[in-house]
Amino acid sequence: METVKTDVLIVGSGPAGASAGLALSTYGVPNIIVTRYSRLADTPRAHITNQRTMEALRDLGVEQEIIAKATPQHLMGNTVFCTSIAGEELGRLRSWGNDPLVQAEHELASPTRMCDMPQHLMEPVLTDAAVARGTELRFSTEYLAHTQDEHGVTVTVKDRLRGDEYQIRAKYLIGADGGRSKVAEHAGLPMGGQMGVAGSINIVFEADLTPYVAHRPSTLYWVLTTGATVGGIGAGLVRCVRPWNEWLIVWGYDVKGAPPDLTDEYALSVVRKLIGDDDLPVTIKSSSAWTVNEMYAESYSKGRVHCAGDATHRHPPSNGLGGNTSIQDSYNLAWKLKLVLDGTASPSLLDTYDAERAPVGKQIVQRANKSIGETGPVFESLDLLTPQDPAQLLANIEARKDATPVAEKRRQALREAIAYKVYEFNAHGVDLNQRYESAAIVPDGTPDPGFDRDPELYHQPTTRPGAKLPHAWITAGRRNLSTLDLGGKGRFTLITGIGGDCWLEAARSVGDELGLELATASIGPGQAYEDPYGDWARLRGIADSGALLLRPDNHVAFRYESAAPDAAELLGAALKRILGRD
Ligand code: FDA
């Protein structure tokens with residue numbers, strides 16, 4: 001049997017696999033992606049792309065291409081609740097950073113903006129860049145099985161064009177093969193939660209909805225109509241794919257039975273019901289059934305096999321976290337693989353992938369499922385859960401307009417129920433607040449600052465080791481850049497300021513000693529970088545002469561308050577611990 005060799009074999013070309021290939025190739029690690037079909041994703045699926053993901057993509061050099069192709073943030077922002085797109089509107093929620101107060105928080109938190117980048121547009125950007133930098137992408141190649149030993153993993157794949165099987169020998173295997181991951185199953189990753197919680201159908205269609213939506217631009221329109229609470233994700237959903245003529249409907253079915261027969265006739269009947277305009281020209285593009293899952297891997301790795309993305313966390317699209325978390329998993333894993341493969345770090349560094357990402361996966365699975373439950377009160381506020389008869393449903397909705405105390409209470413309950421959906425549509429803290437604890441983080445002895453405001457809604461920056469480096473706009477001559485732009489690029493970076501020469505010298509000597517590329521940056525008046533707004537001084541959590549050591553993913557790994565006579569020993573000990581060389 002033919003055997004192909006590589007350093008890292010990636011199974012799957014979705015957001016997790018494609019971004020793993022992109023990051024590894026950017027860092028110069030030979031890798032192959034195998035993917036089952038002869039194409040990339042052919043439906044929009046993941047779309048909300050949050051700031052943490054955009055920061056990773058900025059570091060990997062594809063941010064501008066994503067921005068050029070995505071629907072911009074300002075068109076994402078009015079989550080509408082209605083009886084149908086052409087029917088009565090019940091209320092709106094400013095979403096995805098479009099509430100003016102939240103918008104300011106987004107601008108302060110990151111150099112990049114959230115956007116809506118459907119998965120079928122995202123995957124080609126990631127894989128094109130990955131292939132251009134060295135990834136070998138094998139379409140129509142199905143993973144079948146793997147065995148691992150002390151030195152590597154042998155994977156059996158099937159060439160679906162030729163019909164034969166062959167083996168790929170890799171030093172590491174990444175299972176990015178989605179929600180029905182065979183790699184995770186064969187590796188025996190322990191899973192918590194359950195699959196098949198509810199039944200859902202996606203219908204992709206073309207229709208020019210401009211007259212109904214251009215005045216209230218949004219990524220999501222939620223439809224409260226009869227049958228909308230059966231299965232699915234809490235209500236009927238009309239989601240914009242491309243403004244304003246390509247759309248995706250999510251509609252539920254009772255998971256205890258079989259999914260409906262997905263004929264074009266059935267799909268059209270659902271589209272008509274949710275759009276509410278029987279004369280509108282509609283072209284059905286595709287329909288597919290899927291299930292809402294609530295499952296997460298308690299461990300992401302087994303020996304030389306590491307899983308990422310939906311292979312490890314399976315949940316409904318609520319909060320738009322799936323594709324984001326998948327890309328962020330791979331961004332966390334890739335630099336660790338690079339340093340282990342080039343001998344800079346001990347294999348124990350890879351244990352920190354699981355320690356850092358498994359808690360995030362569990363959190364987002366639970367958050368997404370909680371969000372489904374929180375749609376119920378919108379229906380309850382107008383007594384819409386029980387009526388099966390559309391006329392009765394509309395009568396209940398109409399009753400909220402009465403000049404009676406009961407109707408006034410209903411109006412208030414509806415406003416409150418819609419406002420509470422902020423936990424799904426504006427959860428900035430869920431997007432940004434990951435603070436890691438692992439052997440690749442050196443505690444500095446300070447207590448966890450916790451969160452001053454609701455940690456799900458609000459981002460709270462900190463430089464305490466484990467957190468992502470806070471963003472601040474700084475300058476280099478006439479160039480404006482983010483503090484995040486100082487780090488990344490697959491290398492460690494040390495940031496200091498005036499009086500921190502001992503740290504700069506320590507970085508040089510420790511970098512040489514460990515054979516590690518260690519970039520440095522000094523911020524302050526007359527330094528290579530300046531802080532004209534004083535934002536960095538406010539956020540940095542150290543004195544001018546202190547030091548922050550950033551990992552390649554821009555998480556703070558080590559922090560020291562001020563200059564230190566033994567800076568080289570302190571920095572050396574920290575890096576040895578992070579790299580598993582102590
Ligand atoms: P994904 O499933 O995308 O990719 C798996 C890959 O593995 C595919 O390339 C597949 O062909 C390949 N594969 C599988 N088995 C294989 C085998 N045996 N051999 C070789 N290849 C194999 N997320 C988000 O962040 N924001 C959002 O707004 C939404 N919205 C959304 C809406 C809807 C309707 C759905 C259904 C889902 C979302 N999601 C989302 C979730 C998102 O789609 C999902 O989390 C990501 O696609 C997961 O990316 P992965 O790369 O892990 O798996």
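Atoms considered below: every heavy atom in the structure, side chains included; atoms not considered: hydrogens, waters and symmetry mates. Remember, predicted model here, so these are calculated numbers, not experimental data. Throughout, residue positions are numbered sequentially from 1 according to the sequence presented. Counting convention: from 1, in listed order, for ligands and their atoms alike.
Applying the ring-ring contact (aromatic ring centres under 6.0 Å, His included) test to residues at least two apart or on different chains, the pairs with a partner in residues 172-204 are Y143-H186. The salt bridge (Lys or Arg N to Asp or Glu O under 4.0 Å) pairs that include a residue from residues 63-78 are R58-E63, E65-K69, where partners are two or more places apart or lie in different chains.
At a heavy-atom cutoff of 4.0 Å, ligand 1 is contacted by the side chain of S326 but not by its backbone. Using a 4.0 Å cut-off between heavy atoms, L321 contacts ligand 1 through its backbone alone, with no side-chain atom that close. Within the 4.0 Å heavy-atom criterion, neither part of R180 lies near ligand 1.
Ligand 1 is approached by E142 to a heavy-atom distance shorter than 4.0 Å. Distances from ligand 1 to the non-hydrogen atoms of T141 include at least one value under 4.0 Å.
Distances from atom 5 (C) of ligand 1 to the heavy atoms of P44, A176, P317, G320 show the closest one on A176. Of all the listed residues (T53, D177, V155), D177 holds the heavy atom that lies closest to atom 14 (C) of ligand 1.
For ligand 1, the polar-atom distance check against A16 finds a nitrogen or oxygen pair separated by under 3.5 Å. Any N or O atom pair closer than 3.5 Å counts here, and V11 shares no such pair with ligand 1. Between W290 and ligand 1, no pair of N/O atoms sits closer than 3.5 Å. Note: an N/O pair closer than 3.5 Å links T35 and ligand 1 by distance alone.
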